[in-house]
Undergrad: 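I'd like to ask you about the structure that follows.
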Amino acid sequence: MATTQFEPVDARRCFPCWDEPALKATFEVTVVVPTELIALSNMPVFKQEPILNMNTVHFKKSPLMSTYLLAFVVGEFDSIEDVTDDVYCPVGQSHRGKLGLSLALRALDFFGEYFSMPYPLPKLDMVAVPDFSCGAMENYGLIIFREVELLHDDDSSAAASKQGMVIAVAHEEPTSGSGTWLQWNGGRICGLMKALRHSYLAVDHFFPEWNIWSQFLEETEAGLRLDALEQSHPIEVEVGHARSVDEIFDAISYCKGSAVIRMLEDFLGHKVFQESLSSYMKKYAGGNAKTEDLWRVLTEEAGIEVDKMMTSWTKQKGYPVISVRLEGNILEFKQSQFLLSGAEGGGQWIVPVSLSAGSYSRCKKFLLETKSRSVDVSELLDSSSNNSSATDEKNQSQHDEDVWIKVNVR
């Protein structure tokens, strides 16, 4: 078996090319393989020329795309098929690909509706290979998975394996065929952290009983743990050389980044965030995008300076711990950088804050843009008091003791 993995900068090792995501081309792939083997690439086969024991396989011309998304796979496979989706499995294991195929079809429908954009390619193949440098790779129209990330057997696979497989499939599909390419300096990281968030969004839709967002906290914890060290780095860093790209893909850029995206979505609201992503995908389809382009679209849709707020999270290392104290009807907020060493950090962030008092139906949102800020919550407390059935002084006193204030409401 032979398979490619060109992300981030290894297409140049296979053929001469300008191997940067901002520089795109169309590709016409031709592969010569033994007749007993199957050859796959990003596009469907349009012609085969068998000569003796060899087969020359010609694939259709691809749309404009970046080199890191080009792929081909050669090997012996069994497959299960739908109209446009195929799952290729090791020989004799096609039954283990049924769940993956079912999820792929559901994910295409889900993300097509979510982004208001249908899947743009003529086919989507998913291939299970026994060994792969990463869990999966969202090549354009040809997603390659480790076997454990795609194959499932109801009789022998653990529940945790099934969940991991579902997350992997949902993670790769939104970016395979999205048509928006993200540049090294910031953009590619933005794409990865959005993909992690998208995968949990889809899984929560397919399997709400899993309460998957509670596990999202575990996924992002690794990034926060690293970022609490004094020798950390920002989510986004400048890439000075192609070989430096691998160095910036770690838990900080990936896991912390997805937590930041999730925080932003909660503050703006799910509807505004979804509509903004849809506009962003349509605006930059087939083109190049940077992180700032997404912030710009979100700013236009939401009416607040998203770019200014998010820059404080993506361009500087670390994150804050927020201290809150109640004095009468005034909540006093103070932010300071959290460091595992206990040292005092100098970072300052624009922190989205939400709070409720007495009822989740009443919620106040604001941005903590300075080191400290006082917020009057009289309106929330008065509303809670007015909705109370307390009619005398004793009941009112009991009510005052029972009123609660919760910060960081979701």
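Keep in mind that the numbers below use all heavy atoms, side chains included, and drop hydrogens, waters and symmetry copies.
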Undergrad: Count the heavy atoms belonging to other residues, nucleotides or ligands that lie under 6.0 Å from CD of Glu209, then report whether that count exceeds 12.
TA: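 Yes - once you tally the heavy atoms of other residues, nucleotides and ligands closer than 6.0 Å, there are more than 12.
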Undergrad: With sequence neighbours left out, write down each residue that passes ring-ring contact (aromatic ring centres under 6.0 Å, His included) with Phe333, or none if nothing qualifies.
TA: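 Counting only residues at least two positions away or on another chain, Phe333 forms a ring-ring contact (aromatic ring centres under 6.0 Å, His included) with Phe366.
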Undergrad: Establish, from distance only, whether the side-chain atoms of Thr291 and Glu236 form a donor-acceptor pair under 3.5 Å.
TA: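 Yes - a donor-acceptor pair under 3.5 Å links their side chains.
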Undergrad: Short question: side chain of Glu149, backbone of Gly135 - any donor-acceptor pair under 3.5 Å?
TA: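 Not confirmed, Glu149 side chain does not pair with Gly135 backbone.
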Undergrad: Between Glu332 and Lys334, is the closest basic N to carboxylate O distance under 4.0 Å?
TA: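 So Lys334 does not pair with Glu332 through a salt bridge.
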Undergrad: Do Asp250 side-chain atoms and Ser253 backbone N/O form a donor-acceptor pair below 3.5 Å?
TA: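 Checking the backbone N and O of Ser253 against the side chain of Asp250, a donor-acceptor pair under 3.5 Å is found.
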Undergrad: Looking only at side chains, do Glu230 and Ser341 share a donor and an acceptor under 3.5 Å apart?
TA: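 Yes - a donor-acceptor pair under 3.5 Å links their side chains.
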Undergrad: Mind running side-chain contact (heavy atoms from CB on, under 4.5 Å) on Asp125 and Val73 for me, showing each step along the way?
TA: CA-CA 11 Å; Asp125 292 338; Val73 177; over 6 Å; no
Undergrad: When rounded to the nearest 0.5 angstrom, what is the spacing between OH in Tyr88 and CZ in Phe145?
TA: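 Those atoms lie 14.5 Å apart.
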Undergrad: State, with a plain yes or no, whether a side-chain heavy atom of Leu70 is found less than 4.5 Å away from one of Val29.
TA: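 Yes. Closest side-chain heavy atoms under 4.5 Å.
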Undergrad: Are the side chains of Ile322 and Asn408 in touch, meaning some heavy atoms are under 4.5 Å apart?
TA: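 Ile322 vs Asn408: side chains apart.
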Undergrad: Donor-acceptor pair, Asp227 side chain versus Gly318 backbone, under 3.5 Å?
TA: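 Answer holds: yes.
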Undergrad: For Tyr140, is there any backbone N or O sitting under 3.5 Å from a side-chain donor or acceptor partner on Asn42?
TA: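 Checking the backbone N and O of Tyr140 against the side chain of Asn42, a donor-acceptor pair under 3.5 Å is found.
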Undergrad: Starting at CD1 of Ile350, measure out to CD of Glu369 and round the result to the nearest 0.5 Å.
TA: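 So the gap between those two atoms works out to 5.0 Å.
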Undergrad: Looking at Val272, is its backbone amide N or carbonyl O close enough to the side chain of Ser276 to form a donor-acceptor pair, meaning the two atoms are under 3.5 Å apart?
TA: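 Pair found, side chain donor or acceptor close to backbone of Val272.
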Undergrad: Examine distances only and state if a side-chain atom of Thr4 and a backbone atom of Phe6 form a donor-acceptor pair shorter than 3.5 Å.
TA: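 Side chain of Thr4 to backbone of Phe6: no pair is present.
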Undergrad: To check you understand the geometry: which heavy-atom pair defines the closest contact between Ile235 and Ile252, and what is its length?
TA: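 So the minimum-distance heavy-atom pair works out to CG1-O, 3.9 Å.
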Undergrad: Mind checking whether Tyr284 and Leu294 have side chains closer than 4.5 Å, heavy atoms only?
TA: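 No, too far: nothing below the 4.5 Å cut-off.
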Undergrad: Given side-chain contact (heavy atoms from CB on, under 4.5 Å), test Lys61 with Phe46 step by step and report yes or no.
TA: CA-CA 9 Å; Lys61 184 178 180 179; Phe46 83 91; over 6 Å; no
Undergrad: Rounded to the nearest 0.5 Å, what separates atom NE2 in His152 from atom CG in Leu99?
TA: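 His152 atom NE2 to Leu99 atom CG measures 5.5 Å (nearest 0.5 Å).
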Undergrad: Please assess Thr26 against Met65 for the test side-chain contact (heavy atoms from CB on, under 4.5 Å), listing each intermediate value before the final yes or no.
TA: CA-CA 6 Å; Thr26 58; Met65 58 188 283; over 6 Å; no
Undergrad: Please work out which of the three classes, parallel, tilted or perpendicular, describes the rings of Trp404 and Tyr360, given edges at 30° and 60°.
TA: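 Correct class here is tilted.
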Undergrad: Once salt bridge (charged side-chain N to carboxylate O under 4.0 Å, His left out) is applied, do any residues pair with Asp266, and if so which ones, sequence neighbours excluded?
TA: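 Checked Asp266 against salt bridge (charged side-chain N to carboxylate O under 4.0 Å, His left out); matches are Arg410.
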Undergrad: Please answer whether the main-chain N or O of Met309 pairs with a side-chain N or O of Ser312 as donor and acceptor at a distance below 3.5 Å.
TA: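 The answer is yes, because a donor-acceptor pair under 3.5 Å joins these two groups.
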Undergrad: Please confirm whether the backbone N or O of Gln348 pairs with a side-chain atom of Gln335, one donor and one acceptor, at under 3.5 Å?
TA: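 Side chain of Gln335 to backbone of Gln348: no pair is present.
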Undergrad: Verify, without hydrogens or angle tests, whether Asn139 (side chain) and Leu142 (backbone) share a donor-acceptor contact under 3.5 angstrom.
TA: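 Judged by distance alone, yes, a pair lies under 3.5 Å.
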Undergrad: First locate atom CD1 of Ile144, then atom CE of Met126, and finally report the distance between them rounded to the nearest 0.5 Å.
TA: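 Atom-to-atom, Ile144:CD1 and Met126:CE are 12.5 Å apart.
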Undergrad: Using 30° and 60° as the class boundaries, would you call the ring planes of Phe216 and Trp213 parallel, tilted or perpendicular?
TA: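 Answer is perpendicular, since the angle exceeds 60°.
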Undergrad: Could you list the residues that satisfy ring-ring contact (aromatic ring centres under 6.0 Å, His included) with Phe207, not counting sequence neighbours?
TA: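 By the ring-ring contact (aromatic ring centres under 6.0 Å, His included) rule, Phe207 matches Trp210.
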Undergrad: May I ask you to decide whether Arg296 forms a salt bridge with Asp293, counting only side-chain N to carboxylate O separations under 4.0 Å?
TA: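 Counted as a salt bridge, because a side-chain N and a carboxylate O are separated by less than 4.0 Å.
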Undergrad: Take atom CD in Gln215; do more than 12 heavy atoms of anything else shown fall under 6.0 Å from it?
TA: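 Result for CD/Gln215: enclosed.
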Undergrad: Quick check for you: to the nearest 0.5 Å, what is the distance between Leu326 atom CG and Ile405 atom CD1?
TA: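 Separation between the atoms: 4.5 Å.
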Undergrad: Take a 6.0 Å sphere around NZ of Lys308 and say whether it holds more than 12 heavy atoms from other residues, nucleotides or ligands.
TA: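 No, not enclosed.
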Undergrad: Are the side chains of Met310 and Val260 in touch, meaning some heavy atoms are under 4.5 Å apart?
TA: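 Sidechains of Val260 and Met310: in contact.
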Undergrad: Do you know which two heavy atoms are closest between Ala22 and Lys24, and how far apart they sit?
TA: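 Nearest heavy atoms, Ala22 then Lys24: O-NZ, 3.6 Å.
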Undergrad: Has Glu305 got more than 12 heavy atoms of other residues, nucleotides or ligands less than 6.0 Å from its CD?
TA: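 Not buried by this count: 12 neighbours or fewer within 6.0 Å.
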Undergrad: So, taking the atom named CZ in Arg96 and the one named OG in Ser94, what distance separates them when rounded to the nearest 0.5 Å?
TA: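 Going from the CZ atom of Arg96 to the OG atom of Ser94 covers 11.0 Å.
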Undergrad: Under a 4.5 Å cut-off applied to non-hydrogen side-chain atoms, are Tyr68 and Val9 in contact?
TA: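 Result no, sub-4.5 Å side-chain heavy-atom pair not found.
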Undergrad: Please answer whether the main-chain N or O of Phe132 pairs with a side-chain N or O of Arg146 as donor and acceptor at a distance below 3.5 Å.
TA: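 Flag set: sc Arg146 to bb Phe132 pair under 3.5 Å.
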Undergrad: Starting from the C-alpha separation in whole Å, work towards a yes-or-no answer on side-chain contact (heavy atoms from CB on, under 4.5 Å) for Leu268 and Glu301.
TA: CA-CA 10 Å; Leu268 299 181; Glu301 295 282 343; over 6 Å; no
Undergrad: Met137 versus Leu69: any side-chain heavy-atom pair under 4.5 Å?
TA: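 Yes; the side chains approach each other to less than 4.5 Å.
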Undergrad: Salt bridge check: are Lys47 and Glu28 linked by an N-O gap of less than 4.0 Å?
TA: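 No, this pair does not count.
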Undergrad: Which one of Leu108, Asp86, Asp82, Val87 satisfies the side-chain contact (heavy atoms from CB on, under 4.5 Å) criterion with Leu124?
TA: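 Going through the options one by one, the only one that passes is Leu108.
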Undergrad: Leu331 and Val377: which non-hydrogen atoms are nearest, and at how many Å?
TA: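 Looking at all heavy atoms of both residues, the closest pair is CD1-CG1, 3.8 Å.
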